[in-house]
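Accompanying notes for the structure given below.
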Amino acid sequence: MDTSNWHELDTEQTLHALQAVPEGLSDEEAAMRLARYGDNTLPATPPESWFRRLARQFGNLLIGLLMVAGIATLIMRHWVDAGVIFGVVIIMVLIGALQEGRAEKALRGIQALLSRETNVVRAGRLQRLPARWLVPGDIVRLNAGDCAPADLRLLQGREVQVDESPLTGEALPVDKSASAVPLQTPLAERSDMIYSGTHLTRGHAVAVVVATGARTEIGRIARLAEGVSQVRTPLMIQMADLSLKLTLAILILAGLTFGAGWLRGAGFEAAFLAAVALAVAAIPEGLPAVITITLAIGVQRMARRSAIIRRLYAVETLGAVDVICSDKTGTLTYNQMMVRSVVLAADQLAVEGNGYVPRGRIESVRSPSSADADAGLARLVIAAVLCNDAELKPDPDWHILGSATEGALLTLALKAGHDIDRIRATYTRLDTRPFESSRRTMATLHRDREGVRWITLKGAPEAVLEHCTTQLHDGVAEPLAREYWTQQVIALAESGQRTLAVAQRLATTPEIDLVAGDFESEFVLLGLFGIEDPPRPDAIEAVARCRAAGIDIKMITGDHAATARAIGARFGLGEVGGVLTGRDIDAMDDRALRDSTRTVDIYARTTPEHKLRLVRALQDRGCVVAMTGDGVNDAPALRQAEVGIAMGQRGTDTAREAAHVVLTDDNFVSIAEAVEQGRTVYDNIRKSVLYMLPTGLAEAMVIVLAIVFGFTLPLTPLQVLWVNTITATTLGLALAFERPETDLMRRRPRGTRDGILNAMLAWRIVFVTLIILAGTFGQFLWALERGLALEQARTIAVNTLVMFELFYLLSSRFILLPVLGRNGMRGNRYVVFAALTTLVFQLLFTDTTPFQLLFDTRHITAMEWLGLSLTASSVLWLVELEKMILRRAARNRGRPDPAPTRPAGDDASSGVSS
Ligand code: ATP
């Protein structure tokens, strides 16, 4: 079976060589082949080795600086200082490697959730199976938007076009057909082959698997399927930039301190050591690790709530979203379609039942129902079964394969007592023009047992009516009462039902090409369906939550404007600006469309091109846009949006691969939750910055001040290094695990132009630095005042500093909310754990001999502990007071929260309706 010449064989030779038949392999044969050929997966790239990851950490600028400092200290024979500096290096490198490893593992695990499924025919039955179970000889069916799950030889295809860019780099889709090509044809021109990883952009294909897994072309060139790719996010780059600037500033400060110390006669070595300690203390070494871990935690939390992140930067962008453009069907509603109403030329029928279960009465609203109505219904239902690609399955519960709208028609057929298989066997299908959302119709050509050929047309009523001249009444065609049908459509749509019309005609000309649209007019309209798809109650709640968070929700649907309005009203949408249809959008220029987005929330009868224009119009207003999509043509809009969200269940492979986020449950609620997590991630990174910068700065300033003003150093350089190691590693990380704040979804979206540090946060950093500095110096000087030995005074100073950091950690859990309330001390066990670990370390540091020898510390009394703890607690009270003042000021200005401010006059915020 291992040949690379499949393209040269005709379809029969191919099937013969593969020992395959069009009805598919039997389950036993497939299992045997799976055992022989293995899973249809590409060999994974081995994860980076521990050693390499560790080695890579040394490339980091901050670590490099520490190494230089360590080596210089070694040369000066300050063994202990050098030892501690290298200790810091080792801890930082270990933590960096550990956290990166964790993040990578999390992302890999999540990637595995994105496994593909594919339509396979086995033992004559169409099934949906994981693509990894495919074996050579399997018969697969692909539709537009599907990604080829293995290397395939086309058996039958209509209008098949394939985007081969993953394989050949060629951006334009190429046509495919089942005819064999000569042996020498290069890969890119083999028009009868569809290679693994390429996408069907149009048409419908039946093909046989010729190679799986590593034996596919893409496996051969060893390129892995695209997954979670980008690991450096804008925020990371912004932070790297901030770290670099800080490092430079600190180096200058260290140089100045060294100069000042030397001039004051502190001696070269002492001045140098102090400068080194200052640099080590103030450089935020822990920050990169904290950001990586915070993002990774965000990704994991989102995955637990059904949102799979494909591009890491989407995590933080999700938190900045101003507008969510959501599909209606399946996202805001259940996509559980059920026919509720049937409209015939002379009758209307109401249908009872639940979901796809084929039980429920069909009753004429003009009871008793006439024999004509029964005959009319039968004609309508038979046509609806024929122009239909869905399958209705009874096990385990009644469910459908394929389009939900079509599935609903099959359930109706069973309720009306028809046998679907018999209908389909009686009228052989000769040709199909698949449903496309841009045309909103589907057409099929059939031949009955007498050899008579019929064309069936089904679709959105406006589109179908265009082709009709007559209607079926009492079994005969009479002139079309257009007005009647239009009113019926509006009545159905106004009650929130999706509308669908079905028409039929005899095929008169011998050569008919449906795909070319060779059937333009003179159809007989058989009737209308009104299909119900209930809104998800939890989505109604989630929409309200998002709007409270200042996020604008736009509902985009292919349905009728009246249907959209009725469903939109259930979500509180469309009250101000009404509904715009695709046709309205076409009539608008970009500027008018942009302005309309300020008030209009519902867009009906849209196509994917309209989605793209809408995203651009919103972006033009400065909005950060999240857009959902599922179809093959949605890919451009998904890419254009800041956050493209694809549907994992209904979505095509093309949409999933264009998206930044994939929803495994297709539910709007998951989008709202992902936004909340995105906001949490950003908040937590802000908290870490807000925590690490002032604590590091305060440590550094203690040294600067002592040297500049000629005091004895309150902390020896070695002690500074100790404090820094403890805080940067143990304490700062705890904030990465913080849960969302209670008011998170009551704030307006943060502006993306807002850097990680705004004026308020910069002020907080200065404020806290000053408090810690004053308290530590105060405790030190007071101890000396009381006549304590220098070593004791220093021990008090170190412990004061660490206790400050502990108290400030508590306060940093919430940026503006009080931590002293009911929830302030709970909810993050990592904070408690980090605080207790630090306390134990401080006791060891103060009271055990090895530490006393190493760090020159001394025992201090309980009263001294109490005094320094009280002093250190001041940071908590003062920052809480400051938060209160800021909150009050914000309330007075009428804004819920001053933290995520936007630049004044920002357009996006004014457009957000509430
Ligand atoms: P939403 O945006 O609400 O998620 P959609 O954009 O996917 O929905 P489409 O599937 O494009 O909407 O449907 C638009 C219209 O096309 C429907 O109102 C219906 O009239 C018609 N339609 C939908 N599915 C089919 C189908 N399989 N065959 C024929 N017509 C269909």
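For ligands, and for the atoms within them, numbers begin at 1 and follow the listed sequence.
Side-chain atoms of His446 and Asp431 form no donor-acceptor pair, as typed in the model, at a separation below 3.5 Å.
Among protein heavy atoms, atom 20 (O) of ligand 1 sits closest to Thr499 O, 2.7 Å. Looking at atom 2 (O) of ligand 1, its nearest protein heavy atom turns out to be Thr557 CA, 2.9 Å. In terms of protein heavy-atom proximity, atom 11 (O) of ligand 1 is nearest to Ser437 CB, 3.3 Å. Looking at atom 28 (N) of ligand 1, its nearest protein heavy atom turns out to be Lys458 NZ, 2.9 Å.
The residue among Gly558, Cys387, Pro461 with a heavy atom at the shortest distance from atom 14 (C) of ligand 1 is Gly558. In this structure, of Phe435, Phe529, Tyr603, the residue bringing a heavy atom nearest to atom 26 (C) of ligand 1 is Phe435. Within the set Arg498, Lys328, Gln497, the minimum heavy-atom distance to atom 13 (O) of ligand 1 is found for Arg498.
Per-residue contacts place Leu500 under 4.0 angstrom from the following atoms of ligand 1 (heavy atoms of the residue considered): 19 (C), 20 (O), 21 (C), 22 (N), 30 (N), 31 (C). Of all atoms in ligand 1, numbered sequentially from 1 with element shown, those under 4.0 Å from a heavy atom of Asp327 are 4 (O). In the vicinity of Ile556, heavy-atom distances shorter than 4.0 Å reach the ligand 1 atoms 2 (O). Less than 4.0 angstrom separates some heavy atom of Ala460 from each of these atoms of ligand 1: 20 (O), 21 (C). Annotation for ligand 1: atoms under 4.0 Å from non-hydrogen atoms of Asp559 are 17 (C), 18 (O). Atoms of ligand 1 found under 4.0 Å from any heavy atom of Ser403, numbered from 1 in the order shown, are 27 (N).
Ionic pairing of Asp601 and Arg565 is not present here: no N-O contact between side-chain nitrogen and carboxylate oxygen is shorter than 4.0 angstrom. The residues Asp533 and Arg498 are annotated as not salt-bridged, no charged nitrogen and carboxylate oxygen being separated by less than 4.0 angstrom. Salt-bridge formation is detected for the pair Asp552/Lys554: a Lys NZ or Arg NE/NH1/NH2 atom is positioned less than 4.0 Å from an Asp or Glu carboxylate oxygen. With respect to the salt-bridge test (charged N to carboxylate O, under 4.0 angstrom), the residues Lys611 and Asp327 qualify. Salt-bridge formation is not detected for the pair Asp421/Arg424: no Lys NZ or Arg NE/NH1/NH2 atom is positioned less than 4.0 Å from an Asp or Glu carboxylate oxygen. The residues Asp590 and Arg616 are annotated as not salt-bridged, no charged nitrogen and carboxylate oxygen being separated by less than 4.0 angstrom. Arg305 and Glu676 are not joined by a salt bridge, as no carboxylate oxygen comes within less than 4.0 angstrom of a charged side-chain nitrogen.
Looking at Lys458, its side chain never comes within 3.5 Å of a backbone N or O of Met442 through a donor-acceptor pair.
The shortest N or O to N or O distance between Thr329 and ligand 1 is below 3.5 Å. Here's the thing with Thr441: none of its N/O atoms is less than 3.5 angstrom from an N/O atom of ligand 1. Polar contact check, Glu406 against ligand 1: a nitrogen or oxygen pair lies under 3.5 Å apart.
The shell of residues lying under 4.0 angstrom from ligand 1, judged by heavy atoms, includes Arg605.
When all heavy atoms of Leu593 and Leu614 are compared, the closest pair comes out as CD2-N, 4.3 Å.
Using a 4.0 Å cut-off between heavy atoms, Thr563 makes no contact with ligand 1 at all. Contact annotation: for Thr606 versus ligand 1, there are no heavy atoms closer than 4.0 Å.
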Requested in this report: Could you please spell out the steps behind the side chain to side chain contact (heavy atoms under 4.5 Å, CB included) verdict for Ile585 and Tyr603?
Outcome: CA-CA 9 Å; Ile585 298 178; Tyr603 297 86; 3.7 Å; yes

Query raised in the report: Does the pair Arg656 and Asp653 meet the rule for a salt bridge (Lys or Arg N to Asp or Glu O under 4.0 Å), with working shown?
Result: CA-CA 5 Å; Arg656 299 212 278 168; Asp653 297 334; 3.8 Å; yes

